[in-house]
S.K.: 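Here it is: the structure, laid out below.
Both counts, for ligands and for their atoms, begin at 1 and track the order of listing.
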Amino acid sequence: MRILVTGGAGYIGSHTCVELLARGDAVTVIDNLSNSREESLRRVEGLTGREVDFHRVDLLDRPGLDRVMAIAQPESVIHFAGLKAVGESVREPLRYHQNNVAGTLHLVEAMAAIGCRRLVFSSSATVYGHGAPPLREAAPLGATNPYGKTKWIIEEICRDLAASDPAWRIALLRYFNPVGAHPSGQIGEDPQGLPNNLMPYVLQVAVGRLPHLNVFGTDWPTPDGTGIRDYLHVVDLARGHLAAVDHLDRLAGCVAINLGTGRGTSVLELVSGVERASGKRVPWQPSSRRSGDVAVSFADPTLAKELLGWTAELGLDAMCSDAWRWQVGNPRGFAAAP
Ligand code: NAD
Ligand code: UFG
């Protein structure tokens with residue numbers, strides 16, 4: 001299949017490109033490299049022995065987007081491109097709405113212009129706001145920050161679009177907490193500056209770049225007092241996208257689907273996992289709760305199994321050891337690459 005991947009140079013996009021190329025799909029990537037480096041795609045090519053048709057284009061550049069669409073003539077689009085830092089979105093809401101929402105409007109218009117109406121979109125569990133786990137797709141939506149609101153708004157746009165024209169087939173994939181890296185250690189998450197999320201922070205402590213982890217709350221109503229999340233191996237997540245693309249024709253219009261393991265892991269359990277995988281100690285200090293956090297969040301992944309035949313296969317140890325292999329082989333991410 002000919003597949004256009006927006007944001008394909010990024011963390012989840014690059015892992016998905018590996019899986020697509022490995023099974024023989026033709027992959028075109030659009031990315032403005034605002035949060036990634038072309039080196040990730042060079043490594044994708046090295047891992048698969050296949051070429052990526054890469055275009056450095058911004059989704060806000062509609063003529064540029066139209067040019068790539070016309071050449072690539074994709075049968076399906078997987079749309080990862082977007083800004084994703086919650087704190088930054090609170091400080092710069094217009095930039096988030098412009099980039100994520102307006103960028104998506106451009107994308108679906110450019111798709112319609114060439115007659116492509118098969119879309120897989122990166123949504124997020126953040127659209128459940130403070131909902132109670134296990135989170136099912138029918139749970140009420142309620143994003144609490146501008147980043148989450150862009151995901152919710154884009155979901156609504158996709159639902160309206162599919163209702164207006166039954167030719168559209170759209171899978172809204174609500175990811176829980178993607179972590180880990182390709183088992184080769186060649187590609188992985190490469191946060192710029194101080195990591196916001198737990199796994200990259202813990203890895204940088206383990207590798208000695210940061211002195212200790214601040215644990216945001218040790219008094220949550222959980223067995224060890226720390227927050228519980230549904231961590232999901234990025235390779236499992238990438239494979240979920242292939243399953244979604246393959247099942248688009250069988251989905252009715254626009255469907256939201258959770259991608260998670262259905263299992264909760266606490267902050268301290270994840271710290272222990274990284275300690276086991278790395279053989280390093282991860283010093284940590286209790287710190288106050290982070291504003292907006294919830295105690296526990298995990299998916300009900302039943303629908304993904306029913307509709308896509310997809311379930312997560314890789315456990316916490318694989319997440320931690322693959323993430324560690326990437327971190328130790330690339331302590332400064334892709335920046336140090338020639
Ligand atoms: P990432 O930042 O590594 O990848 C996103 C890519 O999109 C980057 O390569 C960036 O350069 C590109 N991009 C951003 N704006 C663009 C634009 N206007 N035009 C062209 N390219 C643009 O992020 P990721 O972790 O791989 O996330 C991918 C998607 O999944 C995002 O939409 C994100 O919101 C969503 N998501 C991520 C997580 C997570 O924890 N990583 C969780 C839920 C949902
Ligand atoms: N945590 C710490 N210390 C840190 C970072 C995180 O204790 O330095 C804790 C958090 O309080 C939380 C857990 O680790 O209990 C996980 O935090 P993350 O920031 O890694 O993940 P979140 O579940 O808070 O949020 C992430 C993304 C959101 C997305 C959500 C659901 O940041 O954008 O997953 O997909 F919406």
S.K.: Do T126 and ligand 2 have an N or O pair less than 3.5 Å apart?
M.R.: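 T126 vs ligand 2: no N/O contact under 3.5 Å.
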S.K.: Tell me the contacting part of D58 for ligand 1: side chain, backbone, both, or neither, using a 4.0 Å heavy-atom threshold, strictly below.
M.R.: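 Both the backbone and the side chain of D58 come within reach of ligand 1.
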S.K.: For ligand 2, does N177 get within less than 4.0 Å through its side chain, its backbone, both, or neither, judged by non-hydrogen atoms?
M.R.: side chain
S.K.: Look at the aromatic rings of Y175 and H241 and report parallel, tilted or perpendicular, splitting at 30° and 60°.
M.R.: perpendicular
S.K.: Mind checking whether V86 has an N or O less than 3.5 Å away from an N or O of ligand 2?
M.R.: no
S.K.: Is K151 touching ligand 1 with its side chain, its backbone, both, or neither, if touching means heavy atoms under 4.0 Å apart?
M.R.: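 Side chain only; the backbone of K151 stays clear of ligand 1.
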S.K.: Can you tell me which portion of A125 lies within the under-4.0 Å heavy-atom range of ligand 1? Options are side chain, backbone, both, or neither.
M.R.: neither
S.K.: Specify side chain, backbone, both or neither for V57, according to which of its non-hydrogen atoms lie closer than 4.0 Å to ligand 1.
M.R.: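 Looking at V57 and ligand 1, just backbone atoms fall under 4.0 Å.
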S.K.: Ring centres under 6.0 Å, that's the criterion: do W152 and F121 meet it?
M.R.: no
S.K.: At a non-hydrogen distance cut-off of under 4.0 Å, which region of T6 contacts ligand 1 (side chain, backbone, both, or neither)?
M.R.: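 The answer is neither; T6 stays 4.0 Å or more away.
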S.K.: Give yes or no for whether the N/O distance cutoff of 3.5 Å, strictly under, is met between K84 and ligand 2.
M.R.: no
S.K.: Any idea which part of Y231 is under 4.0 Å from ligand 2, heavy-atom wise: side chain, backbone, both or neither?
M.R.: side chain
S.K.: Taking the inter-plane angle between the rings of Y96 and Y147 on a 0 to 90° scale, is it parallel (under 30°), tilted (30 to 60°) or perpendicular (over 60°)?
M.R.: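 Rings of Y96 and Y147: perpendicular, over 60°.
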S.K.: If I apply the N/O under 3.5 Å rule, does Y147 come out as touching ligand 2?
M.R.: no
S.K.: Side chain or backbone of D293 under 4.0 Å from ligand 2, or both, or neither, by non-hydrogen atoms?
M.R.: side chain
S.K.: Is there a nitrogen or oxygen of M199 sitting under 3.5 Å from a nitrogen or oxygen of ligand 2?
M.R.: no
S.K.: Are D25 and R50 close enough for a salt bridge, meaning some N to O gap below 4.0 Å?
M.R.: no
